[in-house]
> 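One structure coming up, written as structure tokens, with questions to follow.
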Amino acid sequence: MATSYNHRLIEGKWNEKWEKDPVNVDDGKKEKYYCLDMFPYPSGNGLHVGHWRGYVISDVWSRYKLMQGYYLIHPMGWDAFGLPAENYAIKHGIHPSISTAENVANIKKQINEISAIYDWDREVNTTDPNYYKWTQWIFVKMFEHGLAYEKEMPINWCPSCKTGLANEEVVDGKCERCHSEVTKKNLRQWMLKITAYADRLLADLDKLDWPEKVKKMQTDWIGKSYGAEVDFKVDGMDETITVYTTRPDTLYGATFMVLAPEHALASKLATDETKAAVEKYIYDASMKSNVDRMQDKEKTGVFTGSYAINPLNGAKTPIWLSDYVLADYGTGAIMCVPAHDDRDFAFAKKFDLPIIQVIAEDGKEIPDMQEAYTEAKGTMINSGEWNGRESAELKREAPEMIEKLGYGKKTVNYKLRDWVFSRQRYWGEPIPIIHCPDCGAVAVPEDQLPVLLPDVEKYEPTGTGESPLAAIDSWVNTTCPKCGKPAKRETNTMPQWAGSSWYFLRYVDSKNDKALVDKEKADKYLPVDMYIGGVEHAVLHLLYSRFYTKFLNDIGVVDFDEPFKKLFNQGMICGRDKDTGAATKMSKSLGNIVSPDDMVRDYGCDALRLYELFIGPPELDSIWDDRGIDGVYRFLARFYTMVMNNVEKNAPETDELIKLRHKLTHVITTRLESFSLNTVISGFMEYNNKFVELTKGAGVDHETLKTMVRLIAPFAPHVGEELWECLGGEGSVFASGWPTYDEDMISDNVITIPVQINGKTKATIDIVADEAKDAVLTKGKEALADKLEGLNVIKEIYVPGKIVNIVAK
RNA sequence: GCAGAUGUGGCGGAAUGGCAGACGCGCUAGAUUCAGGUUCUAGUGAGGUAACACUCGUGUGGGUUCAACUCCCAUCAUCUGCACCA
């Protein structure tokens with residue numbers, strides 16, 4: 001029996017045994033626990049130590065749940081479609097299917113180094129036709145339910161690459177690849193009506209145990225606001241302009257109106273004198289990218305020459321065009337109240353438009369406003385019959401009042417837009433639609449799914465704005481499933497998010513060829529109890545997954561409507577900039593990548609797992625330090641030696657040792673439960689030092705050692721399993737249950753407390769836990785006798801079991 | 001601009017309002033060693049002292065409290081998210 005720690009022997013031995021004899025088995029009686037990692041995109045670059053962190057956290061949590069007696073769902077898979085894979089393929093001249101398979105094999109090998117308790121029988125790959133059959137099936141269902149529709153709309157367009165770009169591919173208004181300025185182009189797009197779920201996506205955030213930050217980001221993204229649409233007649237024209245406002249209480253202060261340049265009436269409102277300027281402004285705006293429009297700090301605009309009539313007081317207000325009004329939000333037109341809105345104020349100042357104050361904070365009008373007063377606090381002035389009313393109250397009531405008066409209606413608006421779902425790319429799921437000249441867009445029948453992604457010679461973007469699939473006539477030309485006449489396949493593909501929006505469902509029934517997931521299995525194993533991954537998907541992936549789940553709930557595939565009960569976002573592990581020493585993302589170009597493979601070779605999997613946790617609070621970013629891992633390695637070696645020495649000693653159990661193991665169990669369990677994983681490790685170190693000290697004397701008994709070994713097993717599984725065996729434990733340590741502690745055993749009878757004078761500690765005294773106040777104070781004063789000499793004691797404080805403080809002058 | 005997070009030794013970090021700096025890295029000294037490494041022992045916030053004592057100390061400035069890293073107000077810096085959503 002080796003007495004010094006040899007990570008290679010131990011880890012090799014147990015990796016082999018676990019594979020032959022798995023611990024996590026469904027006996028049909030255990031309750032399930034589903035702990036999920038955000039599945040990786042199989043990049044050609046492989047993993048670095050930063051990628052390990054989330055996987056280690058989820059594995060620790062999984063093994064803890066396993067020891068608590070749950071049957072674990074802890075799967076892994078591959079998000080292998082999408083742009084990165086395609087770009088990698090183009091760059092290296094290898095077909096995406098080949099490079100993806102290679103990368104998956106490589107990353108799988110690397111992930112296995114973690115020794116996480118993954119169930120590889122459940123593995124999914126989004127590029128597998130047996131998988132994307134169901135990705136397409138969901139699309140068909142959405143199409144049948146009117147949630148997938150076609151629309152021609154302006155998208156980002158790179159005139160140099162001659163291709164449409166996703167928002168993510170536009171960096172600072174420029175094409176990510178060629179850095180030329182991105183413009184807009186109308187393209188026919190498939191859209192998903194995620195807005196139909198806006199209210200539920202917002203309301204159900206309440207029932208999720210997610211970081212507040214993520215919930216807030218989703219809330220803001222959905223952006224629900226309450227207000228009113230108000231109709232303004234155009235003076236001298238048979239037209240009405242409807243504006244959306246959240247502040248109908250300020251209607252009397254509306255001194256002008258602004259329309260988005262894309263508004264349907266924009267050019268119609270121009271008069272002979274303004275026509276040229278108006279047309280130029282509309283044209284210029286159309287040439288600007290969204291990014292440009294957002295970055296313009298200085299307001300621009302043009303007067304149309306027309307006026308709108310304020311329905312409340314009949315005032316004539318000039319109608320302007322400006323690109324600070326967004327065409328696709330609200331009605332694309334706003335009423336402007338410069339006195340009470342910052343943007344309207346800036347616009348009024350720039351173009352010298354009148355400012356009428358209608359809310360007075362203190363009841364008085366400000367003679368020369370220098371900035372807008374945007375709060376709904378104060379009383380109404382200059383507002384006809386509304387004068388003297390409270391603004392806040394009026395703000396609530398105004399929408400209904402306006403509706404009753406017939407000037408408009410009460411409305412709700414969302415920032416959330418429908419989801420642009422088509423990509424003019426090769427490496428994605430073909431959208432399962434056939435365009436028939438007679439029947440229009442027809443879904444591919446379920447028994448003909450999947451629509452296989454055909455092989456092509458050239459998978460690079462075509463430059464025509466169509467996907468490379470459009471060039472394959474034999475594939476494109478087909479017959480209409482409805483009428484049998486010649487028809488054409490849809491050639492756009494789905495975005496990367498399509499496959500990742502539902503993969504967590506497939507894991508529980510990954511090989512089913514009859515259904516997306518068997519209903520019985522879904523009921524038994526779903527939803528996900530704990531989801532662990534980076535915060536970068538706070539809105540996109542996590543919002544899309546919630547949307548998909550709600551839809552699948554609505555059509556009866558699953559009977560829950562939220563996919564992830566609890567979410568944990570781990571922090572990033574950064575490298576150091578070689579020159580400045582500042583924390584930076586690990587990246588190839590900075591040359592600060594640390595390979596986990598090297599670390600596992602030199603220190604072992606267990607040491608690296610421990611260091612990934614010890615490095616800092618799991619939810620915060622941390623900086624990798626190569627020397628830091630030495631500390632946890634030394635700890636593991638000392639721990640191993642300590643246990644081994646005591647195996648031979650076989651010391652008797654003492655009250656002190658029993659107490660110590662209850663305390664340790666309490667410390668580790670409470671810290672683990674609160675996800676303070678860095679202090680779990682430091683707790684182990686602290687207790688190990690105590691045990692090493694005790695080993696010098698009588699030694700530590702086997703029961704105490706077994707408790708410590710069970711506690712450490714989720715963190716350092718090989719060491720845990722090995723020492724469990726050495727201590728004569730039965731079966732696997734992971735089947736041994738999680739240790740419990742007795743509340744009575746974790747408190748001490750005699751405790752040491754500080755004694756202070758004026759809040760500064762001057763001595764410590766030993767007291768019995770329930771010692772009377774007077775006795776403790778007397779003891780405290782005795783301990784300070786020399787220091788209290790010549791001082792007047794004003795007050796004596798004893799907080800039971802905590803502290804004595806003598807206030808003296 | 002708005003919102004959120006963070007700010008503690010040379011470094012990573014720890015502290016239900018109750019002994020600031022646990023635990024670890026690094027460093028110093030000693031032991032072991034032919035030597036280096038490993039390992040072990042002791043020390044390690046700053047000032048101060050022969051050693052104690054004592055003084056200062058958790059981004060900055062105020063406040064509450066017997067007592068503040070912790071609570072309140074203001075302010076600065078860094079990071080992240082959103083960014084004309086009417």
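Convention: sequence-line order gives letters A, B, ...; per-chain numbering from 1. All values below were derived from every heavy atom in this structure, side-chain atoms included, with hydrogens, water molecules and symmetry-related copies excluded.
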> What integer number of Å spans the P atoms of B:G62 and B:A53?
29 Å

> As a test of reading the structure: which of B:C66, B:C25, B:A86 is closest to the side chain of A:Asp341, going by heavy atoms?
B:A86

> How close or far is atom P of B:A53 from atom CD1 of A:Ile757, stated in whole angstroms?
14 Å

> Aromatic ring centroids of A:Phe256 and A:Phe347 under 6.0 Å?
yes

> May I have the step-by-step check of ring pair (Phe, Tyr, Trp, His ring centres under 6.0 Å) for A:Trp624 and A:Tyr611, ending in yes or no?
CA-CA 10 Å; A:Trp624 182 267; A:Tyr611 186 54; 4.9 Å; yes

> Any idea which of B:G18, B:A86, B:G13 is nearest the A:Asn678 side chain?
B:G13

> Looking at B:A5, B:C84, B:C23, which one has an atom nearest to any side-chain atom of A:Ser682?
B:C23

> Both distances under 3.5 Å, Watson-Crick or G-U wobble: report the partner of B:G12, or none.
B:C23

> Can you figure out which of B:G18, B:A86, B:C56 approaches the side chain of A:Ser225 most closely?
B:A86

> Counting only side-chain heavy atoms from C-beta out, which of B:C19, B:A86, B:C23 sits nearest to A:Ile803?
B:C19

> Strictly below 4.0 Å: does A:Lys760 bring a side-chain N or O up to OP1 or OP2 of B:C56?
yes

> Taking the P atom of each, how far is B:A46 from B:G9, in whole Å?
12 Å

> Regarding A:Asp220, tell me which of base, sugar-phosphate or nothing describes its non-hydrogen contacts under 4.0 Å with the strands shown.
nothing

> According to the Watson-Crick and G-U wobble definitions, with both distances under 3.5 Å, which nucleotide is paired to B:C66?
B:G18

> When syn is taken as a glycosidic angle within 90 degrees of 0, is B:G30 syn or anti?
anti

> Between the base of B:C84 and the side chain of A:Lys299, is one N or O donor paired with an acceptor at under 3.5 angstrom?
yes

> What nitrogen or oxygen pairs link the protein and nucleotides 36-43 of chain B at under 3.5 Å?
unit_1	atom_1	unit_2	atom_2	d
B:U39	OP1	A:Arg634	NE	3.4
B:U41	OP1	A:Lys696	NZ	3.4

> Report the nucleotide, chosen from B:C66, B:G18, B:G24, that has the shortest atom-to-atom distance to any side-chain atom of A:Val807.
B:C66

> A:Ile615 CD1 to B:C25 C1': how many Å, rounded?
11 Å

> Calculate the interatomic distance between A:Lys795 atom NZ and B:A67 atom C1'; express it in whole Å.
10 Å

> When the P atoms of B:U49 and B:C54 are compared, how many Å lie between them, rounded to an integer?
16 Å

> Using both distances under 3.5 Å as the test, list the Watson-Crick or G-U wobble partner of B:G47, or none.
B:C54

> Could you give the distance from OH (A:Tyr414) to OH (A:Tyr329), rounded to the nearest 0.5 Å?
10.5 Å

> Return the value, rounded to whole Å, for the distance between atom CG of A:Asp625 and atom P of B:C25.
11 Å

> Rounding to an integer number of Å, can you tell me how far A:Met217 CE sits from B:C79 P?
18 Å

> Taking the C1' atom of each, how far is B:G18 from B:C25, in whole Å?
30 Å

> Dump the intermediate steps for ring pair (Phe, Tyr, Trp, His ring centres under 6.0 Å) on A:Phe303 and A:Phe351, then the final yes or no.
CA-CA 9 Å; A:Phe303 177 47; A:Phe351 295 103; over 10 Å; no

> C1' atom, B:C40 versus B:G45: distance in rounded Å?
26 Å

> What is the base-pairing partner of B:G4, counting Watson-Crick and G-U wobble geometry with both distances under 3.5 Å?
B:C79

> Once you round it to whole Å, what is the distance between C1' of B:G12 and CD1 of A:Ile629?
14 Å

> Could you tell me how far B:C19 sits from B:C79 if I compare only their P atoms? Round to whole Å.
34 Å

> Please compare A:Asn758 and A:Thr752 by the position of their nearest nucleotide in RNA chain B and report the one closer to 5'.
A:Thr752

> Rounded to the nearest 0.5 Å, how far apart are CE of A:Met685 and CD1 of A:Ile681?
7.0 Å

> What nucleic acid atoms does A:Glu796 come within less than 4.0 Å of, heavy atoms only: base, sugar-phosphate, or nothing?
nothing

> Atom CG of A:Leu613 to atom P of B:A14: distance rounded to whole Å?
13 Å

> Would you compute the distance between atom NE2 of A:His7 and atom CZ of A:Arg601 and round it to the nearest 0.5 angstrom?
9.5 Å

> What residues, two or more places apart in sequence or in another chain, satisfy side chain to side chain contact (heavy atoms under 4.5 Å, CB included) together with A:Leu777?
A:Lys773, A:Glu796, A:Tyr798, A:Val804

> Considering only the P atoms, how many Å lie between B:A68 and B:G63, rounded to the nearest integer?
12 Å

> Using side-chain contact (heavy atoms from CB on, under 4.5 Å), reason through A:Ser225 and A:Thr246 one step at a time and then give a plain yes or no.
CA-CA 7 Å; A:Ser225 69; A:Thr246 56; 3.9 Å; yes

> Name the orientation class of the two ring planes belonging to A:Trp497 and A:His537 (parallel below 30°, tilted from 30 to 60°, perpendicular beyond 60°).
perpendicular

> Run the side chain to side chain contact (heavy atoms under 4.5 Å, CB included) test against A:Thr374 and tell me which residues pass, sequence neighbours left out.
A:Asp342, A:Ala372

> Please report the distance separating the C1' of B:A86 from the corresponding atom of B:U6, rounded so that it comes out in whole Å.
34 Å

> Please state how far atom OH in A:Tyr687 lies from atom C1' in B:A22, giving the value in whole angstrom units.
12 Å

> For B:G36, what is the paired nucleotide under Watson-Crick or G-U wobble rules, both distances under 3.5 Å?
none

> For B:A86, does OP1 or OP2 lie under 4.0 Å from any side-chain N or O of A:Tyr329?
yes

> Mapping A:Ile334 and A:Asn689 onto RNA chain B by nearest heavy atom, which one lands closer to the 5' end?
A:Asn689

> Taking only the side-chain heavy atoms of A:Ile797 (C-beta and beyond), determine which of B:C19, B:A14, B:C66 contains the nearest atom.
B:C66

> With respect to the side chain of A:Val799, which nucleotide from B:C56, B:A15, B:G18 is positioned closest?
B:G18

> What is the pairing partner of B:U41, taking Watson-Crick or G-U wobble pairs with both distances under 3.5 Å in any strand?
B:A29

> List the steps, then state whether salt bridge (charged side-chain N to carboxylate O under 4.0 Å, His left out) holds for A:Glu298 with A:Lys350.
CA-CA 9 Å; A:Glu298 189 75 7; A:Lys350 168 126 191 215; 3.5 Å; yes

> Of the nucleotides B:C19, B:A5, B:G24, which has the atom closest to the A:Leu620 side chain?
B:A5

> Could you check which nucleotide pairs with B:A74 in any of the strands shown, counting Watson-Crick or G-U wobble with both distances under 3.5 Å?
B:U60

> Choose from B:G12, B:U55, B:C84 the nucleotide whose nearest atom is closest to any side-chain atom of A:Lys762.
B:U55

